[in-house]
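Encoded as structure tokens, the structure appears first; notes follow it.
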Amino acid sequence: MQDFLEFQSISKGYPGVQALADVSFSIKKGAVHGLMGENGAGKSTLIRVLSGDQSADTGEIHIGGEQQVYKSVRDAFQAGVIVIHQELQLVAELTVAENLWLGRFPAKAGVLDKRKLIGIVTEKLTEMGIDVDPTAKVASLSIGERQMVEIAKAVMVDARVIALDEPTSSLSSRESEILFSLIDRLRANGTVILYVSHRLDEIFRLCDSLTVLRDGKLAAHHPDISQVTRDQIIAEMVGREIANIWGWRERPLGATRLEIKSLAGPKLPHPINFKVRKGEILGFFGLIGAGRSEMARLLYGADARSQGTVTVDGTTVTANSPAHSIRAGVVLCPEDRKLDGIIQGRSIEENMAISSRRHFSPFGILNPKKEGELADTFIAKLRVRTPSRRQDIINLSGGNQQKVILGRWLSEQGVKVLLIDEPTRGIDVGAKSEIYEILYELAAQGMAIIVISSELPEIMGITDRIAVMCEGRIAAEIERADFDERRILAAALPDVSNANDLPIQQVQSR
Amino acid sequence: ADVKIGFIVKQPEEPWFQDEWKFADQAAKEKGFTLVKIGAEDGEKLQSAIDNLGAQGAQGFIVCTPDVKLGPGIVAKAAANDLKVMTVDDRLVNADGSPIEDVPHMGISATKIGEAVGQTIVDEIKKRGWDMKDVGAIRVSYDQLPTAVDRVEGALSVLKANGFPEANIFDAPQAKTDTEAALNASTVVLNKNAGIKKWVAVGLNDEAVLGAVRATESVGIPADSMIGVGIGGADSAINEFKKPSATGFFGTVIISPKRHGYETALNMYDWIANGKEPEKLILTAGQIALRDNYETVRKDLGIE
Amino acid sequence: MTSLKKLLLGEQGLVVIFALAFAVVSVTVPNFLTERNMLGLLQSVVTIGIVACTMMFCLASRDFDLSVGSTVAFSGMIAVMASNATGSIVLGLLAALVCGGFVGLVNGVVIARFRINALITTLATMQIVRGLALITSDGRAVGINDPGFYQLALSKFLGVPTPIWVMGALFLAFGFLLNRTVFGKNTLAIGGNPEASRLAGVNVIRMRIWIFTLQGLVCGIAGVLLASRITSGQPNAATGLELSVISACVLGGVSLAGGRAAMAGVIVGVLIMGIAENVMNLLNIQAFYQYVVRGLILLLAVLLDNLRSVAAGRRG
Amino acid sequence: MTSLKKLLLGEQGLVVIFALAFAVVSVTVPNFLTERNMLGLLQSVVTIGIVACTMMFCLASRDFDLSVGSTVAFSGMIAVMASNATGSIVLGLLAALVCGGFVGLVNGVVIARFRINALITTLATMQIVRGLALITSDGRAVGINDPGFYQLALSKFLGVPTPIWVMGALFLAFGFLLNRTVFGKNTLAIGGNPEASRLAGVNVIRMRIWIFTLQGLVCGIAGVLLASRITSGQPNAATGLELSVISACVLGGVSLAGGRAAMAGVIVGVLIMGIAENVMNLLNIQAFYQYVVRGLILLLAVLLDNLRSVAAGRRG
Ligand SMILES: Nc1ncnc2c1ncn2[C@@H]1O[C@H](COP(=O)(O)OP(=O)(O)OP(=O)(O)O)[C@@H](O)[C@H]1O
Ligand SMILES: Nc1ncnc2c1ncn2[C@@H]1O[C@H](COP(=O)(O)OP(=O)(O)OP(=O)(O)O)[C@@H](O)[C@H]1O
Ligand SMILES: O[C@@H]1[C@@H](O)[C@@H](O)CO[C@H]1O
Ligand SMILES: [Mg+2]
Ligand SMILES: [Mg+2]
């Protein structure tokens, strides 16, 4: 087979950053091609160039031997290129069906064809096994469901090239599996798929070939993925070896630090109880919509509770708001960085210091020097790729934004309980292990840490104990000694009789 | 030295003030002085306007103030900028409401204009032989403007003095001073009192009364059952008189922008150039104009 | 009980609340529910109602237009001047539409193409257009020569004056445009998430230019009807119209943050504004107190609507 | 060449453009650059300048306040009435501050606590407060009894009138508040992403209430100075102030979408507005043409600023 999609010396610069420098590689027809690299390596930029959203400073793209010149995303679409962007691009006020048709509504003389509008979407969603109501407003969906809707865009029309930018970052293994079988079908049809992910398991599960970017440059190109090993890829990405990503080790656990009693709220009607000890890392696992995020938000006071008490070191946290929780030493790093995390238009420095600055701002007067130091420390520690700490956070790559938000909470002082919802969403392998190290360090200092994650390997790799949630309840609590994939997944599934078709291939390939 | 005179008015968009400016320009051309025309809709703009005149080296100014209570401030600001000051149309008052007599003034009292309106209506009611008991009066009001209140109350006082029943006077507050607002407010009055078939209307200016007239038309009251008398006599009124058949807009009290504009400018010039202080108080009269005589009246007033 | 609550707090909650309020007013305020008063009321909201149709689109796409009042005045004046000059009412009408449309087009191009803040742009054109109106008319009202022009506003069909029919027709047309066409959906999409719409291939720039141009055209229609009603073109007409229209839209549930709009809501918003004025005058409320009452009604209406959406558990 | 470009298009670009424009005007317009005219110019922007300080915060936190004009008028009137009644200027001042602060507090509570749209809320309070001003004064201006009250505006320090000093002091104070305090940073954060700020422990509701209350207090100060300058409390004063102030802020680079503000920019915005008026009067530009020119200047200013940010490659 000849090469179907070709990138020829693509370069793209932003003020202070060379996002892509002379990148050339090509992909065969019907191949799933992985694109990997550290956060800020230029993956999304390459995809934005492919989609016609941004134009490259130099270089050419060829599809099927023809040079492509896009003036807008419409041109790219007409050339058969479909892109699923890293950040969700949905209109919350419109329905699922309307979102899937956006930009190309079925119509006669401008009048919508309502039948077709809903009919085809229903068909496609069922075909893909996505359980979402096409007439529901996107605003009413959870992040995971939204991600599935976003993915469904890829099959609304027949595309020649589909690029997926970290499609699984907010999916659990079960939903990911739906995506994987979809990709297998598309591959069989001869579609070229460019697949960006930080999850090596997925890359090996799906891809035929692979390209690694580093600092905007081509670091490696592997036409046949079976010729490479995990460790090799990691070394190509990060520039060094990482022996053990998880790095978990035994820690002494202290007295009970956090106690939750009959916590409940509108979206989580069944009261929840659990305890976390000093120095303990407790993981929460579950499928999408299991209620983990909702539990964390209730605990933190982000949403109003209908009942329940939160006790830290024996003292009950009376008031119920994020500001109060923070003062009581309880902090939450939210799962949705775009909606709940980043503060657009403000610098990295300000985004990091927003909460912790109160410790070094006497009478509310800022201490710019301290803020600068703090930002620089965490930029270095978390390896945030940026020309300066004054950079607007919106200009960072997705993973780097996530690191800044993590930095905001890791830099907090006097924290007793740290809740992190999907901590490594979109974060590269190298940075991941550093983040885990920081968590161990904090735990060793006596902090109680709750990690919510949809990535089973991660949750098994770094926690001391796992609480599995299912339909708003804690279905099981499992100690590290008893960790077992099957057991955890079984507890996460609503109906135990389904335990036979557990999606465990991915986990096993580890 | 070159003489430079300011002419500040409160509502530059109003035709009346356009006319005053036009006639003041005439005086400027005749005498060869510079006239600086500034619109100042409120006290703050007025203060800046005076400063601005001072800065560009004017020697004096004529002003129609947005509010008569601004008096002491205007006098002080003028003194600070070493400018002579005269008022036109509206006379400045002190904090206690008494006129500031030191400042030369040419104008006409709002109450007097109103009374002229009232008298015209009363005369026409009698001429048509209507029984005042059967007649309703629309008071198109804009009470936040003190002159408006004085005019309307002036007109109604004459009506009442001539036996017009107080109970037949209905308030139609305009939300803004344009015809549409007056039309909407008057329509409600007419609909509320559907039993009354004959109407008169007074208001702050021609535009207000026109609104009432349009309202009668839209609810089907014939032109000869309506007597609206406005104030101003500029194009809004003339357009009405030019219509092929008579409308309910019976007449308007024309006040002369010519004297107000031309003479004040001339007097100020004399004061600056020749040290001749103007008379402290000149009151001009309003003149009623009807459909058949408005052209003559305008000629008489020198505004054709 | 629950079904009542459901009714009140459902999608159509504002409409239901409005219907209740209407019923209460009808019973308690004398002379309110008469045919004459109803027609008067509807006529009094013609300008606001017509302009609200397109303002709804403008707000729904996350834009803003302050120039509507000036455009209504200007195009009304142009209609009168053109029909006086040519002796043809139709030409006058066309001239007004061309004028209004042109102002809208300029707004749209400056805002969408040159990416200039809509508030500032339309604040600027609001002043420029008002200035032009004053300059062309020398600040004076322009009388209509041909009495046939008045007939536009005075003529009736089935006992209802033409302007009300025009308003009704526009309500229908723009309601259809919003809900049943690609144009409407794209408008909501642009307002809801401009970035996502652009990435999905919606021509955001062209859409915005179109919306502003439509807004201008509709102002032209409103201007002609207004001139006909007041039998002259007045350069000072319709000042402050923009805020009334925007209020009516927001009252009707159009979100200033874009993405949310419904024609039924806007109609209710327009009617609430009209009824408030009407009832205050019927009840003879003093002018100064009217300000206060007007403000309170506005607050009350959004407060009720807000309770509704909070109860409906909408997020953001 | 590049360094000139850098200067023009850099962070301080608007300030540089302004400085250039100022130099041009100084050379070409007679009587412009005189001490007298400069002082007159500064005095003419005192109200706008003072109110812009807090409007900047309001807009930066993604809010909106249309009630400032009414509040300035109302609190000015209250100052005069209270000092007339008590014979004490200080009590008058206090009364004005209490009044202004109270209006702001109400705005803040309604908007932040009851989550009602800021545009509608402040449009409502704008009318309510104007109504109250008219009611308490019966629609007429209230004269000042104690000549000492005028001295507030007439007195000078180092040859510069007190109101200008007050404005300058407020510029400094609010510039400091914005850039150097947690309050300022939190304001900008709320504007950038309210939900994220709340989750980061910012008490968003309390912050918004504070911002509106400050806005009200500052309107009280502006009202007192205005009353003193025009030697009376006028219920009709400062109509339309809201749009001038918001324009000045947006001209100065404050984003209506929140999250972006700078005191230097706002000062420049205020000065641009003042200079435009001043120069038009110095050049004796006709009233109707002034509308057009004013609009064009507004457009030009944002257009230039926009070119700048496009060139700077700002995203979003
Ligand atoms: N609009 C912009 N302005 C300035 N810099 C930008 C802009 N967009 C991207 N960048 C920079 O370009 C570089 C590449 O970003 P890109 O989003 O392509 O990274 P990525 O490989 O997708 O990373 P991630 O894994 O975190 O998603 C980053 O350093 C980023 O900060
Ligand atoms: N914005 C929202 N509006 C309405 N319902 C929501 C919203 N977000 C979540 N839900 C629903 O609330 C329930 C709990 O969701 P939650 O996000 O807490 O689950 P989770 O276990 O964290 O899963 P996820 O992996 O999706 O974050 C789900 O049924 C979900 O559909
Ligand atoms: O405001 C009025 C103006 O309309 C004109 O009639 C002259 O007198 C002024 O007081
Ligand atoms: Mg990326
Ligand atoms: Mg979650």
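All figures in this text were calculated on a predicted structure; none of them were measured in a lab. Order of the sequence lines sets the chain letters (A, B, ...), proteins ahead of strands, with each chain counted from 1.
Proximity to chain D is absent for every atom of Val293(C), based on heavy atoms less than 4.5 angstrom apart. Within the 4.5 angstrom heavy-atom criterion, no atom of Ile297(C) approaches chain D.
For chain D, the option among Leu66(C), Val129(C), Asn117(C) with the highest count of heavy-atom pairs below 4.5 Å is Asn117(C). If you tally non-hydrogen atom pairs under 4.5 Å between each of Leu298(D), Ile116(D), Val292(D), Ile135(D) and chain C, the highest count goes to Ile135(D).
Taking CD1 from Ile120(C) and CG from Leu251(D), the interatomic distance works out to 5.0 Å, rounded to the nearest 0.5 Å. Atom CG of residue Leu132(C) and atom OH of residue Tyr289(D) lie 9.0 Å apart, to the nearest 0.5 angstrom.
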Next item on the list: Report the C-alpha distance between Glu242(D) and Leu243(C) in whole Å, list the side-chain angles of each, state the deciding distance to 0.1 Å, and finish with yes or no for side chain to side chain contact (heavy atoms under 4.5 Å, CB included).
Entry: CA-CA 12 Å; Glu242(D) 50 284 354; Leu243(C) 285 185; 5.6 Å; no
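Considering all non-hydrogen atoms of both residues, Gly295(D) and Ala124(C) come closest at O-CB, 3.3 Å. Contact detail for Leu119(D) and Phe64(C): the closest heavy-atom pair is CD1-CZ, 4.3 Å. Considering every non-hydrogen atom in both Gln127(C) and Tyr291(D), the closest pair reads O-CB, 3.3 Å. Heavy atoms only, all atoms of each residue included: Ser247(C) and Leu123(D) are closest at OG-CD2, 2.7 Å.
The shortest side-chain heavy-atom distance between Phe114(C) and Leu299(D) does not fall under the 4.5 Å cut-off.
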